[in-house]
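So that the names make sense, note that chain A is the first sequence line, chain B the second, and so on, each numbered from 1. Only this structure's heavy atoms are used, side chains among them; waters, hydrogens and symmetry mates stay out. Computed from a predicted model, the values in this text were never measured in an experiment.
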Amino acid sequence: MEQQFRVVGNSVPRSCSKAKVTGEIKFAADIKLDNSLVLKTKRSDQPHALIRSINVEKALAVEGVRSVFTARDIPGKNLLGIINKDQPLLAEDRVRSLADAVALVVADTEEAAERGAAAVEVEYQELEAVFDPVEALKEGAVQVHEKGNLLSCRKVVKGDVEAAFTSAYSVIEKEYTTSSIEHNYIEPDAGAGYVDENGCLVIYASTQNPHYDHKEVVGLLGVADDEVRIIQATTGGGFGSKLDLNVQGFIGLALYHLKCPVRYVYSREEAYLATAKRHPFVIRVKTATDKDGRFIALQMRAVCNTGAYGSYGMAVASRSAVHATGPYAIENVDVDVKCVYTNQTFCGAMRGFGAPQMALAHESQMDLHAQALGLDPLAIRRINGLRAGQTSATGQLLTASVGFQDCLDAVAPYYEDAKENWLSAPTDPFKRRGIGIGGMWYGIGNTGVQNPSTARVEMSPEGKVTVFTGCADIGQGSTTILAQITAEVLGLGHDDITMVVGDTGCTTNAGATSASRQTYISGNAVKDGAEKLANVLLTEAVDRLRAPKNSLHFVDGHVAVSIAPEIRVSVAKLAKRIHDKGGTLSWQGFFDPETVPLDPETGEGVPYATYAYACHMAQVEVDVLTGEVDVKRIVAAHDVGHALHPGNVVGQICGGVAMGVGFALMEEFEPGKTESMKDYHVPTVSDVPEVVPIIIESPEPSGPFGAKGVGEPALIPTAPAIINGISSALNKRIYDLPANLERVIEASIQAGHFRVQE
Amino acid sequence: MDKESVRIEFTVNNKEVALDIPADATALHVLREMLSLTGTKEGCGIGECGACTIVVDGKAVNSCLMLGAQLDGRMVTTVEGLATESGLHPLQEKFMEGHAVQCGFCTPGLLMSSHALLEEKENPTRAEIEKAIAGNICRCTGYQQVITSIETAVSERLDGENR
Amino acid sequence: MSKIAYIKPDSVGDAIEILADKGSSAAIIAGGTDVMVDLRSGEITPEYLVDISRLEELKGIRMENDELVIGAGVTLSEIYNSDLLAEYAPALKKSAYNFASAQIRNIATIGGNVAHCSPCGDTIPPLVIHEAEVLLSGKDGQKRIPIEQVATGPYRSFLEPHELITAFVLKPRKAAFADFKKIGRRKDLAISRLSMAVMIDKSDDGTISFMRFSLGACTPTPHRMIPVEEFMVGKKPTEKLLFEGGRLLAESMIEITGRRPSIIYKEPAVQGLFVRMLHPVVN
Ligand SMILES: Cc1cc2nc3c(=O)[nH]c(=O)nc-3n(C[C@H](O)[C@H](O)[C@H](O)COP(=O)(O)OP(=O)(O)OC[C@H]3O[C@@H](n4cnc5c(N)ncnc54)[C@H](O)[C@@H]3O)c2cc1C
Ligand code: FES
Ligand code: FES
């Protein structure tokens, strides 16, 4: 029998949505602290140089400038980074990219700060710079960091690829490239801070991980934990880039020295210049099938460019290596992904951590093999698609919640219909239609490392529930879902739960809002805390209702006897009794998914406890005369385990598709050239197709009420589906992203479509 | 040397205001920094995102591309002026119900663009809705739930009138 | 340090006086959609902003003595909504459809679009095919110059600092076929990578009897592509002819610009867009 839920599974109103539609809600830039000073950084204008000297005298002479800080003013450790610490807040002896901050100016007004920053004089000794990661790996290349340009390498090795290639029916080898991408969340990074009456530095920030920010600022300033408090301000999107420290460190440094309120709001131009990007990849891949279309081998050599600093680069390399096979069972695998330093703007986390780049490669190879064998693209994915009971390339046995085949099945009727009715429908003589399929899998949480979440669930003696969680809601709706989970456990309504979110003064670490992990991991942590609380309430109710625990359940703010619900006692009464007896009503929840670290040589291990799966179908129309691509429709089937909030899931899918359209067709960040939003094209409503979201529920036994995640999966299959659609429309494949006007028209010409049709 | 200042008088959300502003201040700056109407957002400062959209004399405009001085004598509505004493504006309600709001940073701009459209057109088509919000970039929602929310507001208004 | 003053003249005469007085330290601001962007980036650093956005004398679209007169202060929204333009200059009306965004169309003016001298100005090719003349007012009185003379190069204007565009005078024409098309990096809110405007009439025998054609965003300044017009006139439009005309267009473009990197795309794309735009006139 299907389990019945009261709260989860419903699209309840989202937290804060009222304050968001009235304009009342305060984002970081909206926080007005009295007499607040303004910050601005002087940034490097050199991609690679030694700093000879920094002269701040002229800057200090600017009217309205209060102070100018350089690396020397940092009392603690001037090295930041979530995985490897290699990025100074303020440059010491050298700059490694145009984004590097050299000095921090504090002034009365924006204008004074800007003038002050312009007046800081830096004398550089220019160094040769390296921008291409392949070049950077060559012997004798310019060294970006002392320890060398290779940041990390992740290998996944299984079976014997060479033997498989020899015996294969069909072998295809290709190279793919993807571009650097700007997250372009609509809220530029911002923060504000003050020193409270206890001397604690309080920093409001637009962030995806307040507890990490806290640790970094504490380390930077060399102060005690309780001397810094980070409060997540309402955050206007992040998509990975607000995982790094952006304004927080600067605000902390100014507060530390000046003890008076400060604010720092990045202009869009500064957000473009100074924050992390998506790693561009060069992927060389060789795959083999038997005569039935079964993939028997995959060999990949990929290089990703992390720019001047590591940020999440190692995680990107790791995840991409693990995801190289896509959602397919392949016996012989040999993957090597290198993450390389260059003098480009640094790259970090972005929605998918390398998996979207991999998906371009594995989904293109899928179609190439299908074509070589005369197989239907959907059919070849059915043959190879993972099923429960199969083993991944890292040797992980997938036991449950493997919904990839279900996703294929869900898309199939749309696919057949589109082939039959849409593809053949008469169109403009110079437009060609194509249908493309894209598949994906995505491991929930960090790759083969611990990534716990904690939460506190508290009930007042009056029966009011408060959840304390460090889990940053950046617009994806985690706060709503965590409230739903708590309410489900305790038999309350979602709006009975008070949520205290992302305040290191009172919440505990929930880890990053990244890797699509919050519903699954923080959801479980909250559920754990709520269940502990439920347990003491039930224990108390046993006493009151004189019925065994397993005969009781929560309903409408009461504990009732399941077979005789009129026999009940209110939760408030139980809380009061527990409280009066000196019992505790405050419970800490914890969850860390079961993973096993990956072997450095073979990648063997359990990188994730569970995976999400998806399949997209794209219907595209290509203008063979101009290279314009019109994506008409995306059918998007996603296995999310259990959709705790279908409205949110649909929102993630539609938003992911839009981002995928940008990745596929138009987005490309060129350091040094892309300066503002006029130089970078994010899809408008007119560029985004109709989306048919299909939710597949293949419950995950270890997930909170069966849930997994969807945030990143939503984006991953879109670009490959579109590229496959373009390829089938033109009978000519594009291997490089974005498939912009130039690339599409070239493909059209090469395929011979650019000609008189009559 | 100091910036020259300009005296302006205009109506914002049905309230008359008069103030001296720097000559080169944008309308966005005047609203956010001088009148504390922070519902209007800055996403790019150059007309490329629509987060700063306000309605001036019935028309949606980017307040980042307008001089504050150009507000003189105008009727301005910002997101703070959408709700009335009797409650939220129907668009605000539908945006909430239809999950058109994720991070919410683009939301005020989207609301103002669609508000201007609904004031101008009784029953806009889907194409007209898309045209009206094409200058509002939303990086979260992919627009689909935004469009349906606007459509619902339109159809409920029509139903209300036909009843 | 920067000192900016704001001046709002009451009339065109007033504006000219101020402009003449302040010389190149003043910038005209109409809709501001270029000026504000340039101010922010530091591209321009004027000391005075002269706001002409509310001058009634610059408004209005009307027929005067068989000439179509469009005030320099007419906004792109007004252009898009004009019935008069739908009849007499439909390509110009169409150029407003994919112009920037609704918010920008509501304030951006045709005068600003032309005066900015961007090679990508969308209203320019339609103005060119209507052989528009530009009415200038300056301290020496009024002048009438052809639209193609306003820009002397990209973002470089023929206008003196004391001169103001007051209106555009177009040859109205109800052509059998008229269109404007552009290609951008996305479907809306995009600057033209290339654009073109055309008007065509056909004789009873189906041959092209009249054609005006202009290419935008590809050459430093706007051009009527007369060789292309001449090639097409007198011929029956077939797909093959369109490809030939497009080829000629691409060659004419390259003759002007030389082979720059962007030509790799633009060479086929102008030909392609030409074919696409004119395809409806085949038969
Ligand atoms: C996001 C965005 C998207 C855009 N998209 C497009 C697009 O799709 N197509 C396109 O063509 N343009 C586009 N533009 C550019 C701009 O909107 C247009 O050029 C617009 O028509 C300029 O008009 P305005 O009234 O705003 O000019 P302003 O910014 O006020 O002025 C522009 C220039 O013209 C001068 N000027 C203005 N009026 C006169 C006059 N009467 N006499 C003499 N000089 C004058 C000014 O001094 C200034 O140099 C876009 C701009 C932005 C910010
Ligand atoms: S801030 Fe005005 S359009 Fe982006
Ligand atoms: S809801 Fe986040 S940008 Fe639109």
Side-chain angles (χ1 to χ4, degrees), chain A residues 11 13-14 16-27 29-32 111 183-188 234-239 265 267-269 473-477 645 647-648 650-659 661 676-678 680 682-688 690-691 693 714, chain B residues 3 22 29 32-33 36-51 78-83 88-89 91-111 127 129-147:
Chain A
S11 299
R14 295 164 63 108
C16 303
S17 58
K18 183 164 179 203
K20 283 177 177 174
V21 296
T22 58
E24 278 160 30
I25 202 143
K26 297 280 179 251
F27 290 85
D30 305 332
I31 295 170
K32 293 269 157 66
E111 281 156 6
H183 303 65
N184 213 111
Y185 35 76
I186 304 300
E187 180 211 19
T234 305
T235 299
F239 311 112
V265 180
S267 64
R268 174 62 63 186
E269 290 84 348
D473 192 333
I474 56 173
Q476 87 283 26
H645 191 298
N648 274 4
V650 168
Q652 287 300 310
I653 294 174
C654 295
V657 166
M659 210 175 248
V661 169
S676 72
M677 273 182 77
K678 76 177 175 352
Y680 190 83
V682 169
T684 69
V685 67
S686 314
D687 300 288
V688 173
E690 177 202 350
V691 181
Chain B
K3 296 271 161 64
H29 179 88
R32 283 184 55 84
E33 306 296 329
S36 292
L37 291 168
T38 53
T40 307
K41 305 299 180 198
E42 174 168 334
C44 70
I46 55 169
E48 296 279 356
C49 77
T78 69
V79 69
E80 289 91 344
L82 271 186
L88 292 181
H89 188 282
L91 277 168
Q92 291 174 313
E93 275 175 11
K94 297 306 148 202
F95 267 53
M96 283 174 67
E97 290 166 14
H99 308 289
V101 183
Q102 288 189 28
C103 80
F105 200 78
C106 68
T107 306
L110 274 166
L111 282 168
I129 292 174
E130 292 189 4
K131 210 69 199 158
I133 63 169
N136 294 83
I137 304 288
C138 172
R139 193 61 153 166
C140 299
T141 65
Y143 310 101
Q144 190 149 301
Q145 287 161 314
V146 174
I147 298 170

Could you give the distance from [atom1] ([X]) to [atom2] ([Y]), rounded to the nearest 0.5 Å?
X	Y	atom1	atom2	value
A:I474	B:C140	CD1	SG	8.0 Å
A:Y185	B:C138	OH	SG	15.5 Å
A:E187	B:C49	CD	SG	12.0 Å

Between [X] and chain A, with a heavy-atom cut-off of 4.5 Å, which part of the residue counts as in contact: side chain, backbone, both or neither?
X	value
B:E130	both
B:L82	neither
B:A134	both
B:T107	side chain
B:E42	backbone
B:I147	side chain
B:L88	side chain

Quickly, which of A:T234, A:T235, A:I186 forms a side chain to side chain contact (heavy atoms under 4.5 Å, CB included) with B:F105? Name it, please.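 When A:T234, A:T235, A:I186 are each tested with B:F105, the side chain to side chain contact (heavy atoms under 4.5 Å, CB included) holds only for A:I186.
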
Do you know the tightest heavy-atom contact between [X] and [Y]?
X	Y	value
A:M677	B:G43	SD-O, 4.2 Å
B:R32	A:A29	NH2-O, 3.1 Å
A:R268	B:C44	CB-CA, 3.8 Å

Determine the option with the most heavy-atom pairs under 4.5 angstrom with chain B, choosing from A:G656, A:A714, A:S11. A:S11

Count the heavy-atom pairs under 4.5 Å between each of B:N136, B:L37, B:I133 and chain A, then report the option with the highest count. B:I133

